[in-house]
Structure formats: structure tokens, C-alpha cells
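First up is the structure itself, then whatever we jot down about it.
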Amino acid sequence: MDYRIQEDYLYVFLPTELDHHSTESIRRECDELLYDNEILHIVFDFGETSFMDSSGIGVLMGRYRMISKLGGDVTAIHVNDRVYKILNLAGLHKVMEISQEKIWNKRM
Amino acid sequence: MDYRIQEDYLYVFLPTELDHHSTESIRRECDELLYDNEILHIVFDFGETSFMDSSGIGVLMGRYRMISKLGGDVTAIHVNDRVYKILNLAGLHKVMEISQEKIWNKRM
Amino acid sequence: MGNTNEMSMEFDSRSCNEGFARVAVAAFITQLNPTLEEVSDVKTAVSEAITNAIIHAYDKEVKKIRIDCKVVEHEMYVTVTDYGKGIENVEKAMEPFFTTKPEEDRSGMGFAFMEAFMDEVVVISELGKGCAVHMKKKVGVGTSPFM
Amino acid sequence: MGNTNEMSMEFDSRSCNEGFARVAVAAFITQLNPTLEEVSDVKTAVSEAITNAIIHAYDKEVKKIRIDCKVVEHEMYVTVTDYGKGIENVEKAMEPFFTTKPEEDRSGMGFAFMEAFMDEVVVISELGKGCAVHMKKKVGVGTSPFM
Ligand SMILES: Nc1ncnc2c1ncn2[C@@H]1O[C@H](COP(=O)(O)OP(=O)(O)O)[C@@H](O)[C@H]1O
Ligand SMILES: Nc1ncnc2c1ncn2[C@@H]1O[C@H](COP(=O)(O)OP(=O)(O)O)[C@@H](O)[C@H]1O
């Protein structure tokens, strides 16, 4: 997986297929980075992601729970229509900002 | 399938996957067109074809046998590396011209 | 029953097979000329059922998962079966957000997604015997199958 | 035998399943990080074996074709089995350009392609019982499996 840290932001560049298989390493690596750095904002970049199931919801919810205890937040960006529908179905739009816009350059 | 007749030329635009399943209709349709028209040259356009197995060899050999009896010929154009390798493996380069070049516009 | 087509597959309950199984089912139903959206719906639902077998039924031990898929006219049927620990209370298990593995970041949305993306979901399970998730969906309506 | 992964599938011997079966096997071996060329090789070989079952073994009647696929380290094993009429003389059948269906534009290159694209091909057949084509290929060497 690709990660990038900039001040108190952690950018997570998600894979093409976000399923139980790929979330196993994302959860582990993400939590190590959160533990080792002073992060307050997690940005999940869905720019490459075409498939997602409820395992993806679990990762986002899990990270949201951790970071919101510290007063931080989670954002999902570059979300395609399909992923948008799934995030909404799970109610994630109530706890995090979800952006479909392609305004930020990929890989910043 | 897409076909085009121009004077005594029959152009056959082959599908993405040239296997036993897709060759069934190509053989039938091709032979009807050969029967109904005065064709001397058959041009198989592989521009869209990424997969081919020995069923494709069978179609080309079959049409070659028919048309060469009438003094005509068969050409394979827009052939990618994979298809080129397979056509050569079956020795088709000995009986027909095989062109990998993309010089002719697709769909003419 | 002329217009039916069937396949079944069995594979190791490894997480690296999740993608393979989704793709296989998706490839099998292309004969119905599904829309991209329908393909995504089926892939998501199948992915949920397989993930449940790997995580919940077998607790990550490597055993077998079975998929049976059938296409009749424009209807596709898919059943995902495991031979794992089974579900005590299916009704409760199917409630949105209910999960027995919150510590593994399970969202409890697996069955909810299957129900959202398929037309019908029926779960049959016996404790200690395993679980079968039967799903059904109308796909590619307006086009003719078996071309 | 920790690093093995297995799948098997069975499906109707319809020509519209040829593409599905190729894609399924290709998807299963992605875990080995195959090159595009290796994927094409395996797809072609599998396609030949399935086509033979449909055309020669079953004479286009709809029966079952079975595929067993196993991955061990960097080796992939695939067996395509039918329960059809069988092959009387396997050695002769495997000769390039030998075909019993020239009228259907068969080229007689099926087995030749399997042998060209796989490392090993072994055909076991009994008349009236069916045919099993066992194939083996080293795939994705230089990368580590089960990631
Ligand atoms: N195949 C199965 N075998 C045993 N238990 C299962 C199975 N599938 C689901 N369950 C149980 O049902 C619960 C809800 O499943 P689901 O809605 O998919 O959410 P999640 O997988 O996120 O927990 C699971 O937490 C588990 O306790
Ligand atoms: N599964 C099978 N069952 C029965 N006969 C078979 C089978 N596979 C191949 N054969 C026989 O072997 C011959 C050669 O097969 P092959 O090299 O694949 O060429 P082709 O399929 O073009 O005929 C076939 O023509 C057929 O007689």
C-alpha cells in the first residue's frame, strides 16, 4: 500500500480492490503509522479503487473511531459512484466528509 | 461480427476473443457471404483481438482452402504479438500474408 | 429447462481467493449481458458471503468454500456454502451492524449489503454444520441469453 | 504443503462457458504474479482442453466438464476432465494437425498448443470413460506467492 504523511495528515492510497484480503495489511500498516506519528487527519484516497465491500467500511469505521477519540477526523476523496453508493449505504457520510471530486492531483 | 465487402474483398473484423464459441458464427456468416458474393480476397482484421486459440487457426485455414481453390488469397492484418506468435506456430505465415502494422485505419 | 447453465466451484478458504471467486462468478454471468452495475452488485454480494465463510465460519483455518451458480433465462442464482461453525440466530446475524468480530473491524454490514445488492437472500445454517447463503438476482433484462 | 492453494470447478459443456473457464483459471493464478505472457499461455492451453471436451468428448451434448487447479510454490497444475467418449490412440491424437473433425474446421493444433504453452502435458484417457488432460507450468518466478 502507499502512504504519505504531511504534518498531521496521513494519506492512505487505497488499492484497486478493497476487500477483506487487502484490508488486512491496510489495517495493520495504518495503525502502525498512527501509533508512530502525531496524526489528526486521515485521508483515504479512493482514486484507484473500483471495488469495495463491507470490509472497506470496517477499515474506515475503525480508523474513524480511533482518530475521533483524539479529536481528529477522516476524509474519503476521489470516490467513484459505486464506492460513494456503498459508503452512503453504510451511513459513513454522517461521520466523515466524502468527496467525489477529482480536484486534487492523484498522489498529490 | 462485423463484415465489409468492397469489390472482391471481404473484410472480417474479428472479435476480442477468437475461440471455438465465437468462431461458430464467424464460419457460418463468412461462408454465406462468400457464397453470395464474388470474393477473391479475404482480409481478417485482428485489430480488436487479444485472445486466440487453435479454433482461430481452423477458421483461417478453412477459408484459405476455399478461396485458394478459386485462385484467391487470405490476409491477416493488425495482428498483435501474441496472435502473431500463434499464427506462426501453426505455420500460417507460409500460406498467407500476416501484417502486424497498424497502417490501415481501423474499420477502414 | 433448455435455457439453463450451471457451474460450481470449490476452493480453499484463503483470503487471496476472494478476488478469484468474485471474478469467476462475474465471468460466468456475462452470458446474460449484465450491466456494469449488475456485475458490481453480484461481485459485492459474493465477496461478502465468501469473506464471512473465511472469517466467521472457519476462523481463518483453511477449509473448503463452495459456490454453486445457475442461470435460468434472466435469473441468476448463486449459493455460497461453508462447512464451518454455523450461525445460532440467523435473524439476529442479518441485522445491519450486528457483528461478533468488532475487534477485527468487521462492520456488521455483510448481510445488509447482500440484501441491498441482490433481489433475494436466504440463509440456511445449522450450528456446527455450516452455512449456505442462497442469493438470486434478475440480470441483463432486455437482452437475450445464450448467444 | 503449507504453500498450496486449490480450487476446482465443474460446469456445463456449453461453448459460452469457454471464456468463463479461461478467466476463472487466470484469476486463480494471479496470486503467483504471472507475467501477461504466462497468463495468455495458460488461458490458451485451458481453452484448448475445454474446447476438446465440448466438441470431441461430448459431441456438443451438454454434460459436465471439470477443472482442478492447484498452485504449489511457483508451480501451477491444472487438470481438465471430461466423462465423454475418450481417445483410442492418445499418441496419434497429440500429433500436430491430426484431427477427426476437419469438416468442422478443427485445425488439429489443440494438443500442440497445450504442449507449446505449458511445461508439461499428460493425457490419460479410456474409451467410453472420458479424458483427463494434466498440465503443469512454472509461473511468476522471481516473486513470492501468497501475498
Ligand atoms: N458463514 C458464517 N458462519 C458463521 N457465522 C457467520 C457466517 N456469516 C455470518 N456470520 C455471523 O453473522 C454476523 C454478521 O455477519 P455480517 O452481516 O456479514 O457482518 P460482519 O461479517 O461484518 O460481521 C457475523 O459477525 C457472524 O457472527
Ligand atoms: N477430450 C477428448 N475426448 C475425445 N477425443 C478427443 C479429446 N480431445 C482430443 N480428442 C481427439 O484428438 C484429436 C486431436 O485433438 P487436437 O489436437 O486438440 O485437435 P482438434 O481439436 O483441432 O481436432 C481430436 O480431433 C479428437 O479426435
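Values reported hereafter were calculated over all heavy atoms of this structure, with side chains retained and with hydrogens, waters and symmetry mates removed.
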Exercise for the section: Check each atom of L36(D) against the heavy atoms of chain B and say whether the ones under 4.5 Å are side chain, backbone, both or neither. Expected result: neither
Practice task
Mind running side chain to side chain contact (heavy atoms under 4.5 Å, CB included) on F117(D) and D53(B) for me, showing each step along the way?
Solution key: CA-CA 11 Å; F117(D) 295 127; D53(B) 64 17; over 6 Å; no
Handout entry: Nearest heavy atoms of H21(B) and C16(D), plus distance in Å
Key = ND1-N, 3.4 Å
Exercise for the section: Taking all heavy atoms of R82(B) and all of S40(D), pick out the closest pair and write down the distance. Expected result: NH2-O, 3.2 Å
Exercise for the section: Kindly determine whether K43(D) and D19(B) satisfy salt bridge (Lys or Arg N to Asp or Glu O under 4.0 Å), including the steps that lead there. Expected result: CA-CA 11 Å; K43(D) 279 173 113 174; D19(B) 61 1; over 6 Å; no
Exercise for the section: Go through the atoms of L60(B) and report whether side chain, backbone, both or neither lie under 4.5 Å from a heavy atom of chain D. Expected result: neither
Practice task
Evaluate side chain to side chain donor-acceptor pair (under 3.5 Å) for H20(B) paired with T51(D), printing each intermediate quantity in order.
Solution key: CA-CA 7 Å; H20(B) 162 244; T51(D) 303; 4.9 Å; no
Fill in the blank from the handout: Between S107(D) and S54(B) the two heavy atoms that sit nearest each other are OG-O, 3.3 Å
Handout entry: N52(D) portion near chain B, given a 4.5 angstrom heavy-atom threshold
Key = neither
Exercise for the section: Might you point out which heavy atoms bring A90(B) and M109(D) nearest each other, and give the distance in Å? Expected result: CA-CE, 3.9 Å
Practice task
State whether R27(B) and E104(D) are salt-bridged, where the test is any N-O pair (Lys NZ or Arg NE/NH1/NH2 against Asp/Glu carboxylate O) under 4.0 Å.
Solution key: no
Exercise for the section: Please flag which part of I50(D) lies under 4.5 Å from any non-hydrogen atom of chain B: side chain, backbone, both or neither. Expected result: neither
Exercise for the section: With sequence neighbours excluded, tell me which residues meet side-chain hydrogen bond (donor to acceptor under 3.5 Å, both in side chains) with D68(D). Expected result: R66(D)
